[in-house]
Amino acid sequence: MKTTAEIRQQFLDFFSSKGHEVVASSSLIPGNDPTLLFTNAGMVQFKDVFLGQDERSYVTATSSQRCVRAGGKHNDLENVGYTARHHTFFEMLGNFSFGDYFKREAINYAWEFLTEVCGLPKEKLWVTVYADDDEAAKIWLEEIGIDKNSFSRIGDKPGGKKNESDNFWSMGDTGPCGPCTEIFYDHGENIPGGPPGTPEEDGDRYIEIWNLVFMQYNRDKSGKMEPLPKPSVDTGMGLERLAAILQDGHSNYDIDLFQALIGAAAKETGFKDLTHSSLKVIADHIRSCSFLIVDGVLPSNEGRGYVLRRIIRRALRHGHKLGQNDLFFHKLVKPLVEQMGVAYPELKKAQKQVEDALKLEEKRFAETLDQGMKILEDSIESIKDGLIPGEMVFKLYDTYGFPVDLTADIARERELSLDMPGYEVAMEAQRERARSASKFGVDYNDSIDTDSVTEFTGYDLLKDQSEVVSLFKDGELVDSVSTGDDAIVVLKHTPFYAESGGQVGDTGLLVNDSAGFEVLDTKKQGKAFIHIGSVTKGELKVGESLSAEINTVRRDAIIRNHSATHLMHAALRSILGEHVQQKGSLCDDQRLRFDFSHNEAIKPDQLFEVERLVNQQIRSNLNTEAEEMAIADAKEKGAMALFGEKYGDEVRVVAMGGFSVELCGGVHVGSSGEIGSFKIVAESGIASGVRRIEAVTGIAAIEYSNNQSNKINKISSLLKASNDEIEDKLSQVLSKIKAQEKEIAQLKSKMATQTGKDLTADAVEIDGIKVLAVKLEGVDSKSLRDTMDQLKNKLGSAIIILATADDKKVSLCAGVTKDQTGRIKAGDLVNMVASQVGGKGGGRPDMAMAGGSQPENLQKALDSVTDWVEQQL
């Protein structure tokens, strides 16, 4: 019996023998589709090839693509662990033709691989084609000789649009599309379900294992379909499904890979029943979580990071369900590496990084799980109609970090359902609040539509003669623009760098004898560079020649910061570890900002070492070299690719000596010595697992250091100590202040004791209870609490509120002796008073604090206490 790893390799070897290029799995983060949350099919990395927007050195390819379906349109999360074939992570085996072979070859390859290479009985296979695809039907029935009793045509869905079928594929509402043929495996009569295309098809007897998509049409906005000049093939087969069949199993969780992970999960949770669905959930989720982290995603509260957090927390919740309350999930990375590390060496390389990220998230979740579970359990106990209120579902999500699917999991176990309409109402209210707080600017990229192609000459030139290709004013294409017009200019070629990869766009001038245009920014629109600015003199017309002149002082400052970013990236990886990956950057003429993956604040000595190492490379005056090469050669050279970026077959590699090698289309210094100097000015966290460093270079770095030195001199003068002595002197001053603060606190406590004795005479009695509402002068919140304790001890049964105020704020402390908390709560009392002085608060039934911002209303609020207490009693 072949292992899953052997089956994967067998598939790739088969198509390699048929002349296909074996292409490595792409990242789970699509580099060429911002609308797609995760890579969910083998064709994603080839999408631009199918659209004719990218050319490769090969016309046929094969791959085993890692995929995630746990968010957006393709979301299998809630079914994982409860069915035989749903996963958050799976591998899709595929073969592709980009205008080379078509239906006949694709069908023959599939049949040969399944029946001859894999040895599947022909009578166990069922084939479907699109109802109108006579060509594919003829190949199957007449050339392959498929039994007509194991063959069916699938038409359009009842009541649906034309070409809306399980056997007709579309890239979208418009664009490439075409019929499919699908191959199913019959698991036998003992499994419920009928053949595809019948009313009984929803059972598990017939399982789809391979889908062959024939892209042969291009559909326009009207729905009209024209034949593509180069019909193509895109196929996809689930590795896990094929392995289940070849290993004589029915469920994907029966295969060797999953059995190993389930066994590891059982060991780490101490749970013995290997058939339990929670172990399947954990085994599935360790794959998706690990590979998402490998590909640069870290847990967070938005986007892909939030989906990852949901998956991790769902796995942890199932571990808790099995009785494991300690950290365990990160320990499953090692057995995963043992199963998949050979096929995916990037997983083995990032093992520690993945373990650390998962362990940190486990710790974070443990901090909120108990509290959230208690609230959910309390809510469930009060439910009478079998429905968990939408407000509660939202509160658990918004306040305690409980994903909705986790709440749904628990509800399913208790035979309850969720009030999803109520949840959506609460969620929409939050979205509206977020929208109200947002501000949006003008997006010039959305304001024009151009098919122009601009040649960039700015790697070698700072000034160039060019020609105006097109002009835009107010988003409309125009023939000319005049003095004072805000406009966009597109040139035939330009030395102006368009904003990309974190490097801001160039500014400067476009001039000729009759007109002048000030460029305020440069951006990309498709393959065109758009120069955004205004006409400073004369009239500028389409077709005119002009001189394009960059602001060289600004450009020089930008490229110093950009090149320093490359050096810092390499330094961070050297000092912190290779888990460091760029998450974003901004390089302008003032400073550089660099965001990167790292799970904790960088220690001061590490920051110093990063700074020292970068400056060492600057002093070494490393030569900067840029060259175009094949992506495979770039990776072989060790070039780092940036998270989420799209790369074609040919890439630009920028190397600074042997210290930094990155894929980059930006502009750089000729040698590292031109950077001058480098100084880190700030380090902070901007999201879970993401840190940010800000730094300056060149003259800005010198000015920053000078400013710091001036500050030290001023501090030295204030402390009346030399620069060498200020640290000791400041320590002495702080120790003295701390001792004085302690002495003051003790004096205030003594005053509070005396004050408490004096105030008892002001209490009034209501229904046998002493009630006191009074304002104190010159005390802080701690003194309020101390005074409260003195008064409660002195008065016996009592309801008390104490206040202090200055010109801007009010502090309140309410206290109720324990024998009276069943009648009046301190929190209710303090909020009644606080609401009258512009504030609110809370606390225990016997002690509560609050604040306010309207001291002018304090006395009136305190005067209302006696009447309020009488009403409550």
Review point. Using 30° and 60° as the class limits, which term best fits the ring planes of Phe11 and Phe15: parallel, tilted or perpendicular?
Key: tilted

Point to revise | Option from Thr269, Ile282, Leu358, Val337 for which side-chain contact (heavy atoms from CB on, under 4.5 Å) with Leu332 holds | key: Ile282

Check your understanding: Would you say Glu123 has more than 12 foreign heavy atoms packed within less than 6.0 Å of its CD?
Key -> yes

Point to revise | Distance-only donor-acceptor check, side chains His187 and Asp204, under 3.5 Å | key: no

Review point. Is the shortest side-chain N to carboxylate O distance from Asp147 to Lys122 below 4.0 Å?
Key: no

Practice item. Give a yes or no on whether the ring-centroid distance for Phe328 and His320 is below 6.0 angstrom. Key: no

Check your understanding: What about His87 and Tyr253, are their ring centers closer than 6.0 Å?
Key -> yes

Revision key, fill the gap. The side-chain contact (heavy atoms from CB on, under 4.5 Å) partners of Glu346 (sequence neighbours excluded) come to Arg66, Val294, Tyr344

**Study point:** Verdict with supporting geometry, Glu355 and Lys331, salt bridge (charged side-chain N to carboxylate O under 4.0 Å, His left out)
**Key:** CA-CA 7 Å; Glu355 290 172 341; Lys331 298 177 183 178; over 6 Å; no

Check your understanding: Counting distance only, does the side-chain N/O of Asp295 pair as donor-acceptor with the main-chain N or O of Ile29 below 3.5 Å?
Key -> no

Practice item. Check whether any side-chain N or O of Glu362 sits under 3.5 Å from a backbone N or O of Phe329 as a donor-acceptor pair, and report yes or no. Key: yes

Review point. When rounded to the nearest 0.5 angstrom, what distance separates CZ in Arg317 from OG in Ser278?
Key: 7.0 Å

Review point. Considering all heavy atoms of both residues, which atom of Gly341 and which atom of Leu347 are nearest to each other, and what is their separation?
Key: N-CD2, 4.4 Å

Check your understanding: Hey, do the aromatic rings of Phe98 and Phe46 have their centres closer than 6.0 Å?
Key -> yes

Review point. Do Thr128 and Asn167 have side-chain atoms, one donor and one acceptor, less than 3.5 Å apart?
Key: yes

Practice item. Under the salt bridge (charged side-chain N to carboxylate O under 4.0 Å, His left out) rule, what do Glu240 and Arg287 come out as? Steps first, then yes or no, please. Key: CA-CA 13 Å; Glu240 293 83 358; Arg287 298 209 301 167; 2.8 Å; yes

Check your understanding: Under 3.5 Å, is there a donor-acceptor pair linking the side chains of Thr62 and His20?
Key -> no

Revision key, fill the gap. The reported gap from OG in Ser16 to CG in Asn95 (rounded to nearest 0.5 angstrom) is 12.5 Å

Check your understanding: From Asp284 CG over to Arg314 CZ, what is the distance, rounded to the nearest 0.5 angstrom?
Key -> 8.5 Å

Review point. So, do Phe113 and Tyr109 have ring centers that fall under 6.0 Å from each other?
Key: no

Review point. Have Tyr101 and Asn108 got a donor and an acceptor in their side chains that come within less than 3.5 Å?
Key: no

Exercise for review: Return the set of residues passing side-chain contact (heavy atoms from CB on, under 4.5 Å) with Val342 (not counting sequence neighbours), or none when no residue passes.
Suggested key: none

Review point. Counting only heavy atoms not in Lys359, do more than 12 fall under 6.0 Å of its NZ?
Key: no

Point to revise | Separation between SG of Cys67 and CG of Leu28, rounded to the nearest 0.5 Å | key: 7.5 Å

Review point. Less than 4.0 Å between a side-chain N and a carboxylate O, is that true for Lys352 and Asp356?
Key: yes

Check your understanding: Is a side-chain donor-acceptor pair under 3.5 Å present for Ser26 with Gln65?
Key -> yes

Compile the donor-acceptor pairs under 3.5 Å between side chains in residues 242-249 and protein atoms, sequence neighbours left out, one pair per line.
residue : atom : partner : partner atom : Å
Gln247  : OE1  : Asp256  : N            : 2.9
Gln247  : NE2  : Lys2    : O            : 3.1
Gln247  : NE2  : Asp256  : OD1          : 2.8

Revision key, fill the gap. Interatomic distance, NZ@Lys272 vs CG@Leu322, rounded to 0.5 Å, equals 12.5 Å

Exercise for review: Show your reasoning for whether salt bridge (charged side-chain N to carboxylate O under 4.0 Å, His left out) applies to Arg241 and Glu91.
Suggested key: CA-CA 10 Å; Arg241 292 189 180 190; Glu91 291 182 75; over 6 Å; no

